[in-house]
Participant: 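Structure provided below as structure tokens; questions to follow.
Here is the naming used below: chain letters follow the sequence lines, and residue numbers restart at 1 for every chain.
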Protein chains: 2
Amino acid sequence: MIEAIPADVRSLQLFEGVADETVCNLLRAGYDQSFPPLVTLIQEGAPADFLHVVVEGMVELFAGTKDREATMAVVRPISTFILAASVRDAPYLMSARTLQRSRILMIPSVNLRAAMATDNRFARNVVLELAGCYRSMVRHTKNLKLRNTRERIASYMLRQSRLLGNVPGFILPVEKRILASYMGMTPENLSRALKSLAEDGCKIDGQRVIITDRPKLEALAGLSPLLDGPDPEASQAGVSLPLPATDARIA
Amino acid sequence: MIEAIPADVRSLQLFEGVADETVCNLLRAGYDQSFPPLVTLIQEGAPADFLHVVVEGMVELFAGTKDREATMAVVRPISTFILAASVRDAPYLMSARTLQRSRILMIPSVNLRAAMATDNRFARNVVLELAGCYRSMVRHTKNLKLRNTRERIASYMLRQSRLLGNVPGFILPVEKRILASYMGMTPENLSRALKSLAEDGCKIDGQRVIITDRPKLEALAGLSPLLDGPDPEASQAGVSLPLPATDARIA
DNA sequence: CCTTCCAATTGATGAAAGTCAAGTGTTGCT
DNA sequence: AGCAACACTTGACTTTCATCAATTGGAAGG
């Protein structure tokens, strides 16, 4: 059971404008646990008994078998994940594991559905959250279908930059192998493509990324700006690659 | 304005258990129009002023520019589409065009949001619908990332068969070029792969498909059955390839 | 009935991405 | 400090898939 409501949990979009009582009831029914890195929190196919909230740390959502596995998203505080399975009382479509030591809030799906029934504002917040998740996933799929390897990387870099306020440089928020899997390519290919991007306006040194020629990089990423365009929902969607921490910005 | 409520619209999951008054208000505010084939109903990037419901016909959701375009889904009666954009009042992420002569109900997003605010049951139905859409899109993405061309085709065939009650034969519900785009491959490649599948338990003759060796085909499709597994939400998700019409079954 | 259009097929070729293998570098642990 | 583990890189090679071009076939319309 959860003792105190973390202030940042209360400020989740999901709880915005929702009666304190509703929130308290939800949290009282839930659990607040810390996990070491690389712990599997959720197994694809299991019944969705809990909605999860990442309060601290970092969680990877992935799918597939051991020999073929794909990163679907990386969730960072404060965000929920697997909301859809919870509300539908359906089996998880993705597995989840901690990438770092993480603090996770687990709210029973039963209580979640009950709260939706008694609190209309909460129900509407769930609608907005889910719509955001859906749109993030649509973007991801479009990216996979409409862009090739180099274009996906270019657009990812531009997106990260934009989310930090169009900074020219930043630090990659996750290991490259995870980034590669997320973007649907092998680590080897990511490595090669990253090197080749130096000629197209994006230099990489280890985890450090510097956009040296934005127009050129944008031309490479191609397609409409819509694909990753002004993106109010992604920050709370719970299914996009993480916003880099503010300290990811490079001076 | 909509004169009479079509019975099958009233029976939409979205309206299940919802007060007649709510439904009437929604439909009264909406429009009921018929369109010839190949009419663009929605342009990617436009503001989402209306929720759309396909009452008759068939609608393709797609994305991308003219020279690079990907089919994201095909919507068949009775299903809604672009619900997520409507509830978020956000720009459409996909375009839509009719594939056949189609009858479309258009409900102003404003009224949709109002109905969610006044009718809790309706809000919860929207939650379920959106969660279904999201899960369909997750499945689609997993398919793209975890399976190669032949595996995607094999699993698609098995899925269609299962949705019809595990029939051995059926008719493809859409043109092959659309199927190819949906599955993320070129028509040429689909054609070649289809031919090669004859040796793996799936014969194709024009639009006719016959599964001759289910175990072998399942082995080829590989991966967990979960990926396309028992799939209660897809039929109403509005973002999956169509359920073949019941007459698609081959004796 | 014939023509026209376009989806579908087929073959030849090329480009993109995956695989395999070896090596480098960094991190963390003893 | 030294070792081990592992992420990352690099190169050579293979496979898969896309592209281009030509042809076939079937359906709609004059």
Participant: Taking the side chain of B/T149 as its heavy atoms from C-beta onward, which of C/dA17, D/dT19, D/dC17 lies nearest to it?
Facilitator: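 Out of C/dA17, D/dT19, D/dC17, the nucleotide with an atom closest to B/T149's side chain is D/dC17.
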Participant: Please report, rounded to the nearest Å, how far the C1' atom of C/dA15 is from the CZ atom of A/R150.
Facilitator: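 Rounding to the nearest Å, CZ of A/R150 and C1' of C/dA15 are 13 Å apart.
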Participant: Taking CE from B/M185 and P from D/dT19, how many angstroms apart are they, rounded to a whole number?
Facilitator: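 Computing the B/M185:CE to D/dT19:P distance gives 14 Å.
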Participant: In this structure, how many angstroms lie between the C1' atom of D/dG26 and the CG atom of B/D205, rounded?
Facilitator: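 B/D205 atom CG is separated from D/dG26 atom C1' by 13 Å.
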Participant: Are any of B/N189's side-chain N or O atoms less than 4.0 Å away from OP1 or OP2 of D/dA18?
Facilitator: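 Affirmative; the distance criterion is met.
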Participant: List in chain and number order the residues that pass side-chain contact (heavy atoms from CB on, under 4.5 Å) with A/R214, two or more places apart in sequence or in another chain; answer none if no residue qualifies.
Facilitator: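 Here the qualifying residues are A/L158, A/S161, A/N166, A/I211, A/E218.
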Participant: Under the side-chain contact (heavy atoms from CB on, under 4.5 Å) rule, collect the residues that match up with A/Q100, sequence neighbours excluded.
Facilitator: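 Counting only residues at least two positions away or on another chain, A/Q100 forms a side-chain contact (heavy atoms from CB on, under 4.5 Å) with A/M58.
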Participant: Which residues pass the side-chain contact (heavy atoms from CB on, under 4.5 Å) test with A/N148, sequence neighbours left out?
Facilitator: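 So A/N148 forms a side-chain contact (heavy atoms from CB on, under 4.5 Å) with A/R150, A/E151.
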Participant: Does a side-chain N or O from B/T186 land closer than 4.0 Å to OP1 or OP2 of D/dA18, or not?
Facilitator: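 Answer yes for this pair, as a side-chain N or O of B/T186 is under 4.0 Å from OP1 or OP2.
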Participant: What string of B, S and - do you get for nucleotides 23-30 of chain C, 5' to 3', when a contact is any protein heavy atom under 4.0 Å?
Facilitator: --------
Participant: If the condition is side chain to side chain donor-acceptor pair (under 3.5 Å), which residues does B/E56 pass it with, not counting sequence neighbours?
Facilitator: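 In terms of side chain to side chain donor-acceptor pair (under 3.5 Å), with neighbours along the sequence ignored, B/E56 is linked to B/R103.
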Participant: Would you mind reading off the distance between A/L197 atom CG and C/dA16 atom P, rounded to a whole angstrom?
Facilitator: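 In whole Å, C/dA16 P lies 14 Å from A/L197 CG.
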Participant: Tell me the salt bridge (Lys or Arg N to Asp or Glu O under 4.0 Å) pairs involving residues 183-196 of chain A, sequence neighbours left out?
Facilitator: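 Applying salt bridge (Lys or Arg N to Asp or Glu O under 4.0 Å) to every pair that reaches into residues 183-196 of chain A, excluding sequence neighbours, yields nothing.
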Participant: Roughly what angle, to 10°, lies between the helix axis at the start of the helix from C/dC1-D/dG30 to C/dT30-D/dA1 and the one at its end, five pairs per end?
Facilitator: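 Roughly 40°, once rounded to the nearest ten degrees.
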Participant: Could you list the residues that satisfy salt bridge (Lys or Arg N to Asp or Glu O under 4.0 Å) with A/R152, not counting sequence neighbours?
Facilitator: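 If we apply the salt bridge (Lys or Arg N to Asp or Glu O under 4.0 Å) test to A/R152, skipping adjacent residues, there are no hits.
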Participant: Quickly work out the A/R147 CZ to C/dA16 C1' distance and round it to whole Å.
Facilitator: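 For the pair A/R147 CZ and C/dA16 C1', the rounded distance is 18 Å.
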Participant: Identify, with sequence neighbours excluded, every residue that meets salt bridge (Lys or Arg N to Asp or Glu O under 4.0 Å) alongside A/E199.
Facilitator: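 Once residues adjacent in sequence are excluded, A/E199 has no partner under the salt bridge (Lys or Arg N to Asp or Glu O under 4.0 Å) criterion.
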Participant: Distances for protein N/O vs nucleotides 3-9 of chain D N/O pairs under 3.5 angstrom?
Facilitator:
{"residue": "D/dA7", "atom": "O5'", "partner": "A/R177", "partner atom": "NE", "Å": "3.4"}
{"residue": "D/dC8", "atom": "OP1", "partner": "A/K176", "partner atom": "N", "Å": "2.7"}
{"residue": "D/dC8", "atom": "OP2", "partner": "A/R177", "partner atom": "N", "Å": "2.8"}
{"residue": "D/dT9", "atom": "OP1", "partner": "A/K176", "partner atom": "NZ", "Å": "2.8"}
{"residue": "D/dT9", "atom": "OP2", "partner": "A/S191", "partner atom": "OG", "Å": "3.0"}
{"residue": "D/dT9", "atom": "O5'", "partner": "A/S191", "partner atom": "OG", "Å": "3.0"}

Participant: I need the single residue from A/R76, A/R97, A/R177 that forms a salt bridge (charged side-chain N to carboxylate O under 4.0 Å, His left out) with A/E60. Which is it?
Facilitator: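 So the option named by the test is A/R97.
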Participant: Run the side-chain contact (heavy atoms from CB on, under 4.5 Å) test against B/A63 and tell me which residues pass, sequence neighbours left out.
Facilitator: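 For B/A63 the side-chain contact (heavy atoms from CB on, under 4.5 Å) partners, ignoring immediate neighbours, are A/K142, A/L146, B/E44, B/M72.
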Participant: Evaluate B/R139 against B/N143 for side-chain contact (heavy atoms from CB on, under 4.5 Å), listing each step before the verdict.
Facilitator: CA-CA 6 Å; B/R139 282 205 171 86; B/N143 228 350; over 6 Å; no
Participant: Quick one: side chain to side chain donor-acceptor pair (under 3.5 Å) partners of A/T212, sequence neighbours excluded?
Facilitator: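 A/T212: no side chain to side chain donor-acceptor pair (under 3.5 Å) contacts found.
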Participant: To the nearest Å, how far apart are A/M183 CE and C/dA17 P?
Facilitator: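 One finds 12 Å between P of C/dA17 and CE of A/M183, rounded.
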Participant: In whole angstrom, give the distance that lies between atom CG of B/D67 and atom P of D/dA18.
Facilitator: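 Distance, rounded to whole Å: 16 Å.
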Participant: Starting at CD of B/E151 and ending at P of C/dG18, how long is that distance when rounded to a whole Å?
Facilitator: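 Atom-to-atom, B/E151 to C/dG18, this comes out as 14 Å.
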